[in-house]
Amino acid sequence: MSSEDLRGAPVGRRIVLGMLGLGAAGVAVGAAAQQKVNTALAPIGELDQVLPGAGGFRFYSVVDEVERRTPRDYRLKVGGMVDRPRTFTFAELQKSLPQTQMTRDFQCVTGWRVEDVAWAGVALPDLLDAVGVRAGARAVLFRSFDGAYTESLTMEQARRRDVLVATGMLGGPVTHDHGGPVRLYVAPMYAYKSLKWLGEIEVADRVVPGYWERRGYDIDAWVGRSNGRTDEPT
Ligand SMILES: Nc1nc2c(c(=O)[nH]1)N[C@H]1C(S)=C(S)[C@@H](COP(=O)(O)O)O[C@H]1N2
Ligand SMILES: [Mo]
C-alpha cells in the first residue's frame, strides 16, 4: 500500500502524513497493521460501514438503513431534459431494453479493488436513446432511493457504452447490500461514481457535484488519470 492509493480520502491523507512522520517506527508497524490503517482511511461517514464483503468487496452506505426494494416494487424515474420522461419497471430494464454485459474491475478510491466482476444491465446510452435527450443537455444526474447519495456525469461520459444501469452483478441479481435491485456501474471511474440503489435519473444542463464530491473527492474520477493516480495499486 502506498499513500498513492489513498488520495482523495481527505481524512486518509492526514493519517498517512502522520504515519510518514513516524519514520522507522511507522515502517515497523508493518503489513499486519495496514488493513487496519486502510479501514481507518475510509472516508468520514463510511467508517462504521466498512465490513469485509464477499470476494473482496466492502459494502458501503452513507446512511444506516436503506429501504429494501424488490424487482416487483422497483421503479426508475427518468426525466429532465428529455423528450419522453417515463418510469421504467425492473422487467422493462431487464427485458425490453437492449442488454449489455461486461467483465470489469471495481476499484474504490481508498485502495481496494475487485478484479473481473461480471456486470449486466442497460448501457446508459441505450436508456438515454429510449427517452430522447433534448438539445442543450450537458449532464446526467443520478439520485439514490437511500435519500442521500447523488452522482453525475457529463453527457459525453454518460454516452459511453461501459456505463451501465446494472440489474445484474457477479452472475446474479444485484443484492440489496450491493445497491440492488438496480445500481449504476461506471467502469472507467472510481467506484464512488457507481451509485447504489438507483432511484432517479435526470438529464440536465450541467453537472452537479455528488455526495462525496461535495466532501472533497474529485469530480474527475477516471481511474489512472486523476491527480497522477495509477490504476495499479502497489
Ligand atoms: N447510494 C450509495 N452508493 C454508493 C456508495 C454509498 O455509500 N451509497 N458508496 C460508493 C463507494 S465509495 C463505493 S467504493 C461503492 C461500493 O460498492 P459496494 O458497496 O457494492 O462494494 O459504492 C459507491 N456507491
Ligand atoms: Mo469508494
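When a ligand or atom number is given, it counts from 1 through the structure's own listing order. Nothing fancy with the numbering, it's 1 onward along the sequence.
- By the 4.0 Å N-to-carboxylate-O rule, Asp177 lies too far from Arg58 to be salt-bridged with it.
- Not one N or O of Trp112 is nearer than 3.5 Å to an N or O of ligand 1, by distance alone.
- Here the rule is side-chain contact (heavy atoms from CB on, under 4.5 Å) with Ile201, and of Leu124, Leu195, Leu141 only Leu124 fits it.
- Considering both main-chain and side-chain atoms, His178 comes within under 3.5 Å of ligand 1 through a nitrogen or oxygen pair.
- Close N/O approach between Tyr60 and ligand 1 is found [any backbone or side-chain N/O within under 3.5 Å].
- Under 4.0 Å is where a charged nitrogen must lie from a carboxylate oxygen, and between Glu92 and Arg75 no such pair does.
- Both the backbone and the side chain of Ala191 come within 4.0 Å of ligand 1, judged by heavy-atom distances.
- At a 4.0 Å heavy-atom cut-off, ligand 1 touches Ser194 through the backbone alone.
- Cation-pi contact between Arg69 and Phe145: present, with separation from the ring centre below 6.0 Å and deviation from the ring axis of at most 45°.
- Ring-plane geometry between Trp119 and Phe106 is classed as tilted, the angle between the planes lying from 30 to 60 degrees on a 0 to 90 degree scale.
- For the pair Arg161 and Ala123, the tightest heavy-atom approach, listed with the atom from each and the gap, is NH2-CB, 3.5 Å.
- Near Ser144, meaning under 4.0 Å from any of its heavy atoms, are these atoms of ligand 1: 1 (N).
- Using a 4.0 Å cut-off between heavy atoms, Asp146 contacts ligand 1 through its side chain alone, with no backbone atom that close.
- Numbered from 1 in the order shown, with element, the atoms of ligand 1 that lie under 4.0 Å from a heavy atom of Cys108 read 14 (S).
- The closest approach between any non-hydrogen atom of Arg183 and ligand 1 is below 4.0 Å.
- In terms of polar-atom proximity, Arg58 is counted as a contact of ligand 1, with an N or O under 3.5 Å from an N or O of the ligand.
- For the ligand labelled ligand 1, residue Gly179 lies outside the 4.0 Å heavy-atom shell.
- Residues Val174 and Pro181 approach most closely at CB-O, 3.9 Å, considering heavy atoms.
- The option from Tyr149, Phe57, Phe59, Phe145 that lies nearest to atom 8 (N) of ligand 1, judged by heavy atoms, is Tyr149.
- With rounding to the nearest 0.5 angstrom, the CZ atom of Phe90 is 11.5 Å from the CG atom of Leu76.
- For ligand 1 and Val62, the ligand atoms under 4.0 Å from any heavy atom of the residue are 7 (O).
- Counting heavy atoms under 4.0 Å from ligand 1, residue Trp197 touches it through the side chain alone.
- Tracing side-chain contacts under 4.5 Å through hydrophobic residues (I, L, V, M, F, W, Y), one never reaches Val207 starting from Leu153; they form parts of separate clusters.
- Remark: Arg215 fails to qualify as a cation-pi partner of Tyr217 under the 6.0 Å distance and 45° angle criteria applied to the six-membered ring.
- Contact annotation for Tyr211 and ligand 1: no heavy atom of the residue comes within less than 4.0 Å of the ligand.
- The closest approach between any non-hydrogen atom of Phe106 and ligand 1 is below 4.0 Å.
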